[in-house]
There are 2 protein chains.
Amino acid sequence: MTSSNVEAQIRGRLTEAGIRYTDGRRQVVAALMNAQGPLSAAELHSQIADSVPLSSLYRSLAVMADADVLAPHHGTKGITRYELAEWLAGHHHHLVCVDCGAVDDIELPPRLESTLHDLVEAVAESGEFAAAGHALEVVGRCKACA
Amino acid sequence: MTSSNVEAQIRGRLTEAGIRYTDGRRQVVAALMNAQGPLSAAELHSQIADSVPLSSLYRSLAVMADADVLAPHHGTKGITRYELAEWLAGHHHHLVCVDCGAVDDIELPPRLESTLHDLVEAVAESGEFAAAGHALEVVGRCKACA
DNA sequence: TCTGAAAATGAGAATCGTTCTTATTAGTGT
DNA sequence: ACACTAATAAGAACGATTCTCATTTTCAGA
Ligand SMILES: [Mn+2]
Ligand SMILES: [Mn+2]
Ligand SMILES: [Zn+2]
Ligand SMILES: [Zn+2]
């Protein structure tokens, strides 16, 4: 999916929810599209610099996550990182550095995805838990933390 | 592994690190051994009630996590839940409720574990990321949140 | 058994990511 | 242009967690 296509999808989703796709929100989306993993409010703020204050940034992240345009990832030290939702970025998983908390995207072989999908279905059918999806983290140390 | 065996392992590990296995810490461990998933400081505090103040509880959790006796799980709303480390509780995975944040343990079929293990090895061999383990979350809604 | 070093405790202050409040500004449809 | 709704932004407030520090406990050696 092209970058402008994603933007169009986002605009559509937000519009139909009565949410405006403002400049600050476009900057957030642009930063996330260029990233290779979810970013925290602080990380986004350091990129977007002076054009979006932290309070507005947090609000935009919450609003867009609520509209299912962004998806949160809960990391170490109570830090929440956001990425484009699956229907926009595609389904994938993460490499998580246990040292610095950095998160990188990773794709799994289709065969493994299929196995995981089956597992979720099996759990759902047990009736004890309304399983809806899965998230795999490969944990270790990133290159920077060697 | 029996419950008293686990306690002995913990005592050994702490002792060799110069850390004392005090009564408050024993209570934390006991609560975690009875739980079916990781517990937060607040959840533990409501069980251990008046015998361990929050500040001491947090400190004990940090100390024992540092000694690799406990393992942290980072959930929604900046809430960290702790469980016994893998070498004590056995390797397993989690059901995570997207609504209330509750976490329950789940075991995977050995075949799937083996596949995941192989994935981690493959990632490690790529040299880009020192992969050491994996964590799978089956996400959905718990019975209480239906 | 004393005794001193090391570790733990506990109360409260402080931190810090995040959320809320509120007055003001901007966007959208008529 | 008007009315209505949503967004912005500065700062206060919040809450989970961490820190400080004076006191108490534990343990090893004398
Ligand atoms: Mn991702
Ligand atoms: Mn667990
Ligand atoms: Zn790292
Ligand atoms: Zn729930």
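Everything numeric here is computed off the predicted structure, so don't read it as measured data.
Nearest-nucleotide assignment on DNA chain D puts the 5′-proximal partner with B:Ala42, out of B:Thr22 and B:Ala42. Heavy-atom distances to DNA chain C give each of B:Arg20 and B:Ser56 a nearest nucleotide, and the one nearer the 5′ end belongs to B:Arg20. Ranked by how close their nearest DNA chain D nucleotide is to the 5' end, A:Pro53 and B:Leu54 are led by A:Pro53.
For the 3.5 Å distance criterion, the side chains of A:His134 and A:His91 qualify, holding a donor opposite an acceptor.
Phosphate contact (OP1/OP2 of D:dT17, side-chain N/O of B:Thr80, threshold under 4.0 Å): present. Note on A:Tyr58: a side-chain N or O is less than 4.0 Å away from OP1 or OP2 of C:dT18. Residue A:Ser60 has a polar side-chain atom (N or O) positioned under 4.0 Å from OP1 or OP2 of D:dT8.
A cation-pi arrangement is absent between A:Arg141 and B:Phe129 under the rule of less than 6.0 angstrom and at most 45 degrees off the ring axis.
Spacing between atom NE2 of B:His45 and atom P of D:dG15 amounts to 17 Å, rounded to whole angstrom units. Following rounding to the nearest Å, B:Lys77 (NZ) and D:dG15 (P) show an atom-to-atom distance of 11 Å. Atom C1' of nucleotide D:dA16 and atom CG of B:Leu39 are separated by 16 Å, given to the nearest angstrom. Between B:Leu61 atom CG and D:dC19 atom P the separation is 14 Å, expressed in whole Å. Between the OH atom of B:Tyr82 and the C1' atom of D:dA16 there is a distance of 11 Å, given to the nearest Å. The distance between atom CD of B:Glu43 and atom C1' of D:dA16, rounded to the nearest whole Å, is 13 Å. The CG-C1' distance, from A:Asp66 to D:dA7, rounds to 15 Å in whole Å. Rounded to a whole Å, the NE2 atom of A:His74 is 15 Å from the P atom of D:dA16.
Nearest to the side chain of A:Arg25, among D:dT8, C:dT18, D:dG11, sits D:dT8. Ranking C:dA8, C:dG12, D:dA7 by closeness to the A:Ile19 side chain, first place goes to D:dA7.
For A:Arg13, the CZ atom counts as densely surrounded, since its 6.0 Å shell holds more than 12 non-hydrogen atoms of other residues, nucleotides or ligands. A 6.0 Å sphere centred on CD of B:Glu107 holds no more than 12 heavy atoms belonging to other residues, nucleotides or ligands.
Among the heavy atoms of the strands, none lies under 4.0 Å from A:Ser40. At the heavy-atom level, B:Arg59 lies under 4.0 Å from base atoms of the strands shown.
Residue A:Arg25 forms a side chain to side chain contact (heavy atoms under 4.5 Å, CB included) with just one option from A:Val63, A:Leu61, A:Leu70, and that option is A:Val63.
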